[in-house]
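Reckoned from all heavy atoms, side chains included, excluding hydrogens, waters and symmetry mates.
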Amino acid sequence: MKKIVTILLFCCTAQLIFAQADAALLQQAETHIANYDYKAAIRLLEPASRRKNVRLITYILLADCYLATDQKDKALSCYEKVVAAGENGENVMPGVFLHYGELLMYKGKYPQAKEHLQSYYNSTAHSEQWVQALITSCDSATVWQNWRDSIFQVTNPKELNSKFNDWGATFQKTNIVYVSNRPRKSESEFDEYSNAGFYTAYRSAIFTEGKYGRLEMLLKNDAHIGPVAFSKDGETMYYTQNNTNVSHHSQATVGIAWENQLEIQIAKINDKTVTDVKSFAYNKPREYSTGHACISPDGKVLYFVSDMPGGYGGTDIYYSVFENNGWSEPKNAGQNINTSGNEMFPTMDNSGVLYFSSNGRIGLGGLDIYRANGSKNNWTTPENMYNPINSSGDDFYFSLSPNKKTGYFSSNRAGGAGSDDIYAVTVSCTLPEMGNMKSTWVSTITGKAGDFKTTETTKTTEPTEKVTMVTSEKAAEQTINIPNQKQEVIQEAIQEVVFTSNVVNLETKKGIANAVISFVDNKTKKQVVVKTNEAGVVSAPLNSNATYTYSCISEGYVPVIGQILSGDDIRQGKGLRIELTPVKAKVENVIADNVILDTDDTSMGIEYRVQVMASKDYPDWNYLDNIRKWYPEMKIMSKVSPDYTRFTVGSFKTLVEATILKNKLRHAGYHDAFVVMFENGKRKVISYN
């Protein structure tokens with residue numbers, strides 16, 4: 001039997017006869033996972049996990065299955081065992097720390113989560129910005145979880161929720177429409193992989209607050225549907241559905257493993273009748289997903305989520321403009337909205353405020369809900385909606401009624417009826433303007449900033465208490481927001497200054513354009529992100545009494561991460577000079593013995609590999625060395641083309657085996673890994689990797 005390379009390097013202490021049996025069992029389980037049959041894999045792995053001398057790969061695969069079936073507590077238990085083994089000297093791959101840290105954040109255990117997320121960040125050469133945001137979030141969430149915004153009153157309406165997943169509630173005239181995977185009557189309408197029904201759109205009339213009419217099915221299909229959005233008049237519907245032309249499990253039997261891809265459909269709706277269904281012109285399910293659509297109040301701009309190439313992270317928000325009787329080519333909503341993480345579930349109220357969820361920003365854990373003003377690719381800095389809208393779980397799909405008095409959002413936070421639940425929101429007053437989300441629920445200290453260094457101490461007892469600072473009349477007025485709870489407040493003189501930074505090439509001493517510098521206030525965790533001009537110069541508004549941690553990144557250079565900038569440095573006004581080292585390693589100079597350059601006369605027939613990296617100018621050899629360290633018996637091969645050097649791992653005769661390795665690499669933190677096929681020496685990319 002061909003040996004399948006496991007995620008972790010470990011020493012097997014079981015007896016040989018059991019080791020052989022375990023290998024066969026793990027191979028079966030991995031095949032089930034590659035075909036998305038997580039229930040079958042769990043049935044094999046759970047008994048194996050209860051034996052003595054359990055192999056760590058068993059816990060890893062079982063945790064994968066638990067996460068895929070939304071059993072977070074069980075997944076957390078598996079990771080705890082793997083991390084404990086790592087503390088006892090066994091080699092644990094970085095991806096374990098990432099997933100363990102994320103689950104600890106979900107449980108609200110922020111200090112422990114930060115420790116393990118930092119371990120992941122330190123052990124990988126390609127830790128993305130969203131991982132930094134997760135680490136910072138562990139600090140901010142420790143404070144934010146005690147804040148509670150009195151603007152919103154949140155309830156869990158039992159009339160809308162079930163023990164299954166219910167989410168994506170939105171308004172359609174006097175109705176509420178949402179999606180649920182509660183099982184339907186027909187056995188053919190049952191998703192065997194999620195152990196529930198297909199996601200279906202349901203509708204119910206809204207009578208009064210907390211009173212709903214009979215639930216009726218609005219849309220159904222033999223695949224998942226949702227979420228659903230409506231035009232301002234409620235007569236045009238924009239909904240997401242899984243591509244139904246190819247099913248991943250049926251195709252796997254003939255050698256092609258397909259992942260679920262999403263498409264946007266646009267239709268007219270009159271009462272219960274759905275007509276004139278048309279596919280969004282830029283659906284390309286064989287290349288990428290499009291979904292989670294919402295429409296601007298004037299009906300001219302469609303916002304949606306996609307993982308199409310060229311984005312900033314995993315999934316980004318894009319927009320398309322209706323012009324000349326058709327939708328324009330999609331454009332990215334920009335770096336103010338999108339991060340290196342995942343942006344999802346955009347919605348828009350009737351005044352054009354965008355609400356969306358992200359796991360790439362500082363928040364409380366998982367997906368947090370943010371809001372921003374603007375349009376297309378021009379937006380204000382997104383603002384966290386805080387507690388009780390956000391929690392340590394996944395919080396998403398925030399929608400407001402036309403009068404902005406009521407709304408809904410979805411969450412898998414603890415205490416719900418099912419996994420994902422719909423939460424109803426009552427807005428007790430007018431929402432504050434952008435930038436003042438906490439203005440009605442914090443004690444405020446107002447005054448004018450001065451150049452003195454003295455501090456005062458006062459105790460706040462009421463949310464509305466105000467204390468005036470004795471300051472210089474020449475300085476600008478400042479406001480300090482304090483959490484709504486009894487505590488001691490230290491008043492500090494705040495002086496915001498314009499701080500100049502200069503980023504240069506270490507060797508040429510020339511300025512580097514478009515270098516990104518991130519300053520994070522070590523106390524408030526407020527982040528300031530700026531980008532250099534053509535001369536490599538940029539200015540940032542910084543607090544002269546604060547200490548910042550800064551990082552600088554630019555393509556083609558070694559990043560500078562985690563440097564300290566003190567208040568003294570800011571007050572002295574000398575500015576900051578950052579020298580970046582260019583990455584100069586060339587492929588021809590560093591090819592190792594176990595790296596094979598492909599040529600057009602590779603072995604005949606079909607061969608599957610997993611691509612882990614493509615480099616236009618230089619390879620990151622630390623990145624590749626990590627993989628060689630974990631898979632020493634495998635060769636890393638590169639495919640040289642006029643523009644790129646591509647690095648692939650493994651050599652398989654079946655796609656299932658290559659897909660298993662791809663899933664393992666992604667789990668370990670190599671999120672861009674995908675399967676490529678060589679047919680008679682010619683490289684072909686397989687869709688839906």
Side-chain angles (χ1 to χ4, degrees), residues 1-86 90 92-93 95-96 99-100 103 190-196 247-260 419 608 610 630-631 650 652-668 673 675:
M1 181 177 293
K2 184 177 178 67
K3 179 182 177 183
I4 295 180
V5 180
T6 57
I7 293 179
L8 304 171
L9 294 177
F10 57 91
C11 295
C12 182
T13 59
Q15 296 177 2
L16 179 60
I17 185 171
F18 293 110
Q20 291 173 337
D22 282 348
L25 181 146
L26 292 172
Q27 187 174 27
Q28 293 178 53
E30 288 177 321
T31 301
H32 286 312
I33 293 171
N35 290 323
Y36 303 93
D37 194 349
Y38 301 110
K39 290 194 301 178
I42 289 173
R43 286 195 295 268
L44 289 173
L45 294 168
E46 278 186 336
S49 71
R50 292 190 285 267
R51 299 174 186 166
K52 293 182 178 180
N53 301 317
V54 178
R55 303 169 75 176
L56 293 189
I57 182 59
T58 303
Y59 291 128
I60 292 290
L61 294 177
L62 188 53
D64 280 344
C65 295
Y66 285 146
L67 287 176
T69 54
D70 204 24
Q71 301 180 71
K72 291 185 174 63
D73 288 339
K74 290 183 177 181
L76 181 63
S77 177
C78 288
Y79 284 127
E80 285 174 347
K81 294 179 174 65
V82 178
V83 171
E90 296 203 43
V92 177
M93 293 185 74
V96 169
H99 296 297
Y100 186 45
L103 286 170
F190 190 82
D191 184 356
E192 60 182 299
Y193 300 103
S194 64
N195 199 30
S247 59
H248 57 71
H249 51 282
S250 63
Q251 291 291 331
T253 60
V254 294
I256 301 179
W258 303 90
E259 294 180 4
N260 290 324
S419 180
Y608 297 96
V610 180
W630 294 318
Y631 300 98
F652 302 99
K653 292 302 181 184
T654 68
L655 182 60
V656 169
E657 292 175 295
T659 303
I660 290 170
L661 178 57
K662 176 210 72 174
N663 292 340
K664 291 177 179 179
L665 286 169
R666 287 189 176 182
H667 180 92
V675 176

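For K72, the salt bridge (Lys or Arg N to Asp or Glu O under 4.0 Å) test picks out D70, with sequence neighbours left out. For Y100, there are no side-chain hydrogen bond (donor to acceptor under 3.5 Å, both in side chains) partners, not counting sequence neighbours. Residues that satisfy the side chain to side chain contact (heavy atoms under 4.5 Å, CB included) test with Q28, not counting sequence neighbours, are L44.
S49 OG to L61 CG: the interatomic distance, rounded to the nearest 0.5 Å, is 11.5 Å. The CG atom of D64 sits 6.0 Å away from the CD1 atom of I33 when rounded to the nearest 0.5 Å. To the nearest 0.5 Å, the span separating NE2 on H32 from SG on C65 amounts to 10.0 Å.
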Is there a side-chain contact (heavy atoms from CB on, under 4.5 Å) between K74 and E46 once you walk through the steps?
CA-CA 11 Å; K74 290 183 177 181; E46 278 186 336; 4.2 Å; yes

When you look at Q71 and Y38, which way does the side-chain hydrogen bond (donor to acceptor under 3.5 Å, both in side chains) test go after all the steps?
CA-CA 12 Å; Q71 301 180 71; Y38 301 110; over 6 Å; no

Taking it one step at a time, do V83 and V92 satisfy side-chain contact (heavy atoms from CB on, under 4.5 Å)?
CA-CA 7 Å; V83 171; V92 177; 5.7 Å; no

Show your reasoning for whether side-chain contact (heavy atoms from CB on, under 4.5 Å) applies to V96 and L56.
CA-CA 11 Å; V96 169; L56 293 189; over 6 Å; no

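Contact detail for P47 and R43: the closest heavy-atom pair is CD-O, 3.2 Å. Between A63 and A75, the shortest heavy-atom distance links the atoms O-CB, 3.9 Å.
With T58 contributing its side chain and V54 its backbone, the two residues share no donor-acceptor pair below 3.5 Å.
Taking 4.5 Å as the limit, every side-chain heavy atom of C78 sits out of range of all side-chain heavy atoms of I60. Proximity of L67 to Y79: side-chain heavy atoms (C-beta onward) are separated by under 4.5 Å at one or more points. When side chains are defined from C-beta on, L45 counts as touching L26, because their heavy atoms get closer than 4.5 Å.
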